[in-house]
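Worksheet: one structure, shown below.
All residue numbers in this chain count up from 1 along the given sequence. Since the structure is predicted, the reported quantities are computational estimates derived from the model, not experimental observations. All ligand and atom numbering here is 1-based and tracks the order in the structure.
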Amino acid sequence: MSNDIRVRYAPSPTGLLHIGNARTALFNYLYARHHDGQFIIRIEDTDRKRHVEDGERSQLENLRWLGMDWDESPETHENYRQSERLELYQKYIQQLLNEGKAYKSYVTEEELKAERERQEKAGETPRYINEFLGMSEDEKAAYITEREAAGIIPTVRLAVNETAIYKWTDMVKGDIEFEGGNIGGDWVIQKKDGFPTYNFAVVVDDHDMKISHVIRGDDHIANTPKQLMVYEALGWTAPEFGHMTLIINSETGKKLSKRDTNTLQFIEDYRRKGYLPEAVFNFIALLGWNPGGEDEIFSREELINLFDEHRLSKSPAAFDQKKLDWMSNDYIKNADFDKVFALCQPFLEEAGRLTDKAAKLVELYKPQLTAADEIVPLTDLFFSDFPALTDAEKEVMAGETVPTVLEAFKAKLEAMSDEDFQPDNIFPQIKAVQKETGIKGKNLFMPIRIAVSGEMHGPELPNTIYLLGRDKSIEHIDNMLQSL
Ligand code: GLU
């Protein structure tokens, strides 16, 4: 059953899909799907200077990768990019000009700059002061004629009602209000290049596309009164607004910034590293929202069912890479083998490691993978030199009983026939060493593990030995014995 709920994600294609934008898209998506409404994508490309060629592709491709779908977008609908809608904006700008609710402004950049500097020096809040202030009708006409003759191209400004109060009940933040006099004076709705400004175009589009709820980041709160002014001037009813709190970096406590190069922030990065999209989707859904309770792992369908806009958080959402990695590992651990193998395959192929053992190796390391690209360093043992030991590992190997354990286990491996050398038969051999030597637990398993794999924490031991092969395992143990 459909209804009147229509929400939109309206990216400006000024860069790749960032985690913050992905969250905006995702909450709009969840809201629409939960309420059987519609989810729309519109491209806000009026800022030609900041336009990035690949921006739109990255947005759509990565949203799709995350598992979102939409009902309307530039792919299926005409004029869903702002640059294709100039006529429509023009129509309403003309209407406002005709009604005297907007006017052409001939003030130059230099004049505006000089005025701004004067205001700053005088300790005044910078604002545009109406250039026609105090002019008679005749003086006004002469000023316009003179400026037009000088070739000055006007902008169009909205005549702001300075005493009006603009308020709304925000879906996230509750009641918010701004005074008309506090937004910096009559503001530009059409730039010199004929393009509308964002705050004007967004209103025309949201009205034209019958958007019922505008859910976006709280960096847009200060834009909302300007947008409400346009709704008022054009005689339209404004949609509901919801402004989500910002995302902070859990390490620094500061706003997540594209300059934090230590944090992966673009969805493309996660995709390239071989994260499972379901895990990233789940993680983003919990940035500033939670369904209550202790559980954190939810499928897309569960999130759609559980989504409740009343639970959108009022406090900043912490982006915690460790949590994402924990979640990602949980998804990979529990995913079907074929899915994980497919995810690892390109990385193994690129490293020249797509051998007949590849499937077994993926199976071996699946429980500890966070992202598929890790399969390459993890499988180094099988393809490159024996790793250097850490101090902690060296300390274990200095243990008194280590040579006894290694000698005994080596003898067991040597005594196994080719047919016997199977994963299931290797563990009993370790147990036999225990029986023979009386050495057990850590003192038994650790030296064998380190001698064979060079690591204290690795995948399951019998399988590692099996995949390494008997000869290689014996060789590693021999080398270790010699180095003791
Ligand atoms: N194009 C705006 C942005 O990328 C969207 C603003 C809005 O949702 O109204 O921030």
Side-chain angles (χ1 to χ4, degrees), residues 5-32 37-52 54-60 62-63 68 70 72-74 79-86 89 166 168 170-173 176 178 183 187 189 191 195-231 234 236 238-247 255-258 265-267 284 287-288 309 312:
I5 288 190
R6 285 172 61 83
V7 292
R8 76 334 186 247
Y9 169 58
S12 303
T14 54
L16 306 179
L17 180 64
H18 185 257
I19 205 123
N21 297 129
R23 181 188 64 159
T24 302
L26 193 126
F27 283 164
N28 277 286
Y29 167 83
L30 291 176
Y31 186 71
Q38 282 170 328
F39 178 47
I40 291 140
I41 294 188
R42 175 177 77 227
I43 302 291
E44 304 209 320
D45 58 349
T46 52
D47 191 345
R48 307 312 285 176
K49 283 186 225 114
R50 294 179 59 219
H51 194 84
V52 170
D54 222 16
E56 183 179 322
R57 177 209 56 82
S58 174
Q59 293 282 338
L60 298 184
N62 287 300
L63 291 179
M68 282 177 242
W70 38 88
E72 296 167 24
S73 81
N79 303 339
Y80 268 46
R81 293 182 189 92
Q82 288 188 327
S83 59
E84 300 162 342
R85 302 168 63 79
L86 297 179
Y89 309 131
Y166 294 92
W168 74 97
D170 197 274
M171 290 163 73
V172 183
K173 315 243 173 186
I176 302 186
F178 282 82
I183 63 109
W187 53 277
I189 56 176
K191 296 176 271 188
F195 276 66
T197 52
Y198 154 71
N199 278 315
F200 183 78
V202 76
V203 171
V204 172
D205 291 339
D206 285 340
H207 174 78
D208 185 59
M209 295 178 173
K210 299 187 170 49
I211 298 303
S212 60
H213 297 73
V214 168
I215 304 169
R216 58 189 174 192
D218 65 4
D219 46 333
H220 284 292
I221 286 189
N223 287 323
T224 308
K226 289 188 174 179
Q227 296 173 17
L228 289 173
M229 289 173 191
V230 179
Y231 281 105
L234 289 167
W236 297 337
E240 301 286 326
F241 291 99
H243 290 93
M244 293 172 290
T245 52
L246 83 180
I247 305 177
K255 181 173 185 279
L256 196 62
S257 148
K258 292 180 189 163
Q265 300 187 22
F266 296 102
I267 301 304
I284 297 175
L287 283 177
E309 59 279 13
L312 282 166

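- Taking the six-membered ring for Trp and the full ring otherwise, the centers of His213 and Phe27 sit at least 6.0 Å from each other.
- Using the six-membered ring where Trp is involved, His220 and Tyr198 have ring planes that are tilted, between 30° and 60° apart.
- Minimum heavy-atom separation, Val7 to Tyr31: CG1-CD2, 3.6 Å.
- Annotation: atom 10 (O) of ligand 1 to nearest protein heavy atom, His220 NE2, 2.9 Å.
- Put simply, part of Val202 is less than 4.0 Å from ligand 1, judged by heavy atoms.
- Annotation: side chain of Thr197 is in contact with side chain of Lys191 (closest heavy-atom distance under 4.5 Å).
- Close contacts between ligand 1 and Arg216 involve ligand atoms 7 (C), 8 (O), 9 (O) [criterion: under 4.0 Å to a heavy atom].
- Scanning the protein for heavy atoms near atom 1 (N) of ligand 1, the closest one is Glu44 OE1, 2.6 Å.
- Taking the six-membered ring for Trp and thresholds of 30 and 60 degrees, Trp236 and Tyr231 have ring planes more than 60 degrees apart, a perpendicular arrangement.
- Under 4.0 angstrom from ligand 1, the non-hydrogen atoms of Tyr198 all belong to its side chain.
- Heavy-atom separations between Gln227 and ligand 1 are all 4.0 Å or longer.
- Taking only nitrogen or oxygen atoms, main chain and side chain alike, Ala10 reaches within less than 3.5 Å of ligand 1.
- The shortest side-chain heavy-atom distance between Tyr80 and Met209 falls under the 4.5 Å cut-off.
- Looking only at heavy atoms of the protein, atom 8 (O) of ligand 1 is closest to Arg8 NH1, 2.6 Å.
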